[in-house]
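Step one of this worksheet: look at the structure below.
Throughout, a chain's letter reflects where its sequence line sits, starting with A, and its residues are numbered from 1.
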Amino acid sequence: MSGSSSVAATKKVVQQLQLEAGLNSVKVSEAAADLKQFCLQNAQHDPLLTGVSSSTNPFRPQKVCSFL
Amino acid sequence: MATEGLHENETLASLKSEAESLKGKLEEERAKLRDVELHQVAERVEALGQFVMKTRRTLKGHGNKVLCMDWCKDKRRIVSSSQDGKVIVWDSFTTNKEHAVTMPCTWVMACAYAPSGCAIACGGLDNKCSVYPLTFDKNENMAAKKKSVAMHTNYLSACSFTNSDMQILTASGDGTCALWDVESGQLLQSFHGHGADVLCLDLAPSETGNTFVSGGCDKKAMVWDMRSGQCVQAFETHESDINSVRYYPSGDAFASGSDDATCRLYDLRADREVAIYSKESIIFGASSVDFSLSGRLLFAGYNDYTINVWDVLKGSRVSILFGHENRVSTLRVSPDGTAFCSGSWDHTLRVWA
């Protein structure tokens, strides 16, 4: 019966919402501070951020040395 | 019977009102945690300088729109798939094609490299995900060794191997995601909850445990527990289809790209959206997103043929990259972060560094 299936569907929605309401979330200030910390700690190991030199980046063209 | 119908209506009505009050409570709780914005926390962080990123390689060979690509763990090989039904494996250093296979369908919307580098997975309008072992034997026909792994009831939109060559996670236009055993083709777990086509998925970095995030045409991004099949968190702030989702390198957040022309960052511990990357001048949808190694940069490919580079912390755009002559459909940063590759409807792939 169409009635009971929408009851079942809505029950699932309620269960899901109860699950989500039970989460212990942290404040944005704390979460954001951790994101910032991760970025800064790993910045020097990020080639696209620091701009790796031609000698170490396989995609960047090698500068040609010519002996005079 | 009349009395039964009445009872059911009461149950339905009371359940619906409980759902509404729970939603309201969730919104209230989420609002309380919003004590500050991400870009405010990042105010004192040094601004990024000018970026010089150029196309370093152009991979030509597909006969039609490039729809998807993935890097091999060796940081140099790339697999790409196209509307013309072809899947090609490239050596991105030399731009040589190492393997090519023709699928029995057009619109191969998903492809992925196995962690071992010895196989690739792909699928699309055939509603399946198939695995092809890669062989260097010239006499062997790649298509002959094809193994059908996943079966959906609508198109395959995304696929990814898990930590090994043994399991594959798929997303489909049938509204579900599924986890499969490659060897037996057995369905290990299915994930139901999206109200429309699922367009993308990304696995959490291995240290963070067994979860993955998916995005769909229902504008929702959902985080799933792989073992139980349960949705553990859901986010619904986008105003249109979510085309791409990607985890932040620490695993504590993920970014999304949408047809609403914005990219957004969701923090899993704060359980909310913490940043929006948008500009009034950007009006075309974002099709694909990926982070640089430290998570400071977010690269996003758009339907207006450009790639925008965003400062994740400050929320500002640091660079705009031109080069493709049609929509950018797919974008991934290489495993060691030295470059990123973009695929486009202009039939080419470009490697940028």
Side-chain angles (χ1 to χ4, degrees), chain A, chain B residues 5 8-9 11-12 15-16 18-19 22-23 25-26 29-30 33-38 40-42 45 48 51-53 56-57 75-76 92-93 193 230-234 248-250 252-253 265 267 269-272 274 292-297 312-313 333 336-340 351-353:
Chain A
M1 287 187 356
S2 60
S4 50
S5 63
S6 52
V7 166
T10 318
K11 233 186 191 158
K12 261 198 173 154
V13 170
V14 168
Q15 277 172 348
Q16 183 61 34
L17 287 168
Q18 281 170 338
L19 193 89
E20 292 180 32
L23 284 174
N24 263 337
S25 310
V26 310
K27 286 199 174 153
V28 175
S29 51
E30 190 183 324
D34 286 347
L35 290 177
K36 180 180 89 172
Q37 190 65 5
F38 186 89
C39 274
L40 298 177
Q41 270 172 351
N42 292 285
Q44 28 170 251
H45 305 297
D46 186 341
L48 286 168
L49 187 66
T50 59
V52 179
S53 68
S54 310
S55 48
T56 36
N57 189 324
F59 292 105
R60 289 205 173 175
Q62 301 271 325
K63 290 208 187 338
V64 180
C65 296
S66 56
F67 290 104
L68 298 170
Chain B
E8 248 171 35
N9 282 339
T11 318
L12 187 60
L15 277 174
K16 280 198 172 157
E18 192 180 343
L22 275 170
K23 273 190 197 165
K25 184 171 166 230
L26 266 172
E29 290 302 312
R30 279 179 173 173
L33 297 169
R34 190 193 188 167
D35 54 346
V36 80
E37 302 281 341
L38 174 60
Q40 288 172 287
V41 168
V45 175
L48 296 171
F51 277 93
V52 178
M53 258 178 251
R56 305 290 174 176
R57 301 287 190 280
K75 314 154 213 168
R76 97 185 247 171
S92 65
F93 287 3
Q230 189 86 26
C231 166
V232 294
Q233 279 172 281
Y248 185 76
S250 72
D252 287 332
L265 186 69
D267 188 292
R269 292 161 41 199
D271 189 38
R272 61 172 301 118
V274 294
S292 69
L293 231 55
S294 67
R296 182 68 191 271
L297 299 176
V312 171
L313 299 180
V333 171
D336 62 353
T338 51
F340 71 90
V351 180
W352 308 76

Taking atom [atom1] of [X] and atom [atom2] of [Y], what is their separation to the nearest 0.5 Å?
X        : Y        : atom1 : atom2 : result
A/Asp46  : B/Thr338 : CG    : OG1   : 10.5 Å
B/Leu38  : A/Leu35  : CG    : CG    : 6.0 Å
A/Lys11  : B/Lys16  : NZ    : NZ    : 15.0 Å
B/Ser294 : A/Leu49  : OG    : CG    : 5.0 Å
B/Arg269 : A/Lys27  : CZ    : NZ    : 14.0 Å
B/Leu12  : A/Thr10  : CG    : OG1   : 4.5 Å

Nearest non-hydrogen partners of [X] and [Y], listed with the distance:
X        : Y       : answer
B/Leu293 : A/Pro47 : CD2-CD, 4.1 Å
A/Leu17  : B/Ala19 : CD1-O, 3.5 Å
A/Ala32  : B/Val41 : CB-CG2, 3.8 Å

Structural part of A/Gln44 lying under 4.5 Å from a heavy atom of chain B: neither
Using heavy-atom distances under 4.5 Å, tell me whether [X] contacts chain A through its side chain, its backbone, both, or neither.
X        : result
B/Leu297 : side chain
B/Arg296 : both
B/Val312 : neither
B/Arg76  : neither
B/Gln40  : neither

Quick one: which of [options] has the most heavy-atom pairs under 4.5 Å with chain A, could you say?
options                              : answer
B/Gly295, B/Ala253, B/Ser292         : B/Ser292
B/Lys25, B/Arg57, B/Gln230, B/Gln233 : B/Arg57
B/Phe51, B/Tyr248, B/Phe340          : B/Tyr248
B/Val232, B/Asp35, B/Leu26           : B/Asp35

Chain B interface, residue from A/Gln18, A/Glu30, A/Lys12 that has the most non-hydrogen pairs under 4.5 Å: A/Gln18
Most chain B-contacting option - heavy-atom pairs closer than 4.5 Å, from A/Ala31, A/Ala43, A/Ser29, A/Ala33: A/Ser29
Residues forming a ring-ring contact (aromatic ring centres under 6.0 Å, His included) with B/Phe93, sequence neighbours excluded: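 ring-ring contact (aromatic ring centres under 6.0 Å, His included) check on B/Phe93 returns A/Phe59.
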B/Asp267 vs A/Val28, side-chain contact (heavy atoms from CB on, under 4.5 Å): CA-CA, chis, key distance, verdict: CA-CA 8 Å; B/Asp267 188 292; A/Val28 175; over 6 Å; no
B/Val45/A/Leu40 under side-chain contact (heavy atoms from CB on, under 4.5 Å): CA gap, chis, key distance, verdict: CA-CA 9 Å; B/Val45 175; A/Leu40 298 177; 3.9 Å; yes
Partners meeting side-chain contact (heavy atoms from CB on, under 4.5 Å) with B/Lys75 (sequence neighbours left out): B/Pro335, B/Asp336
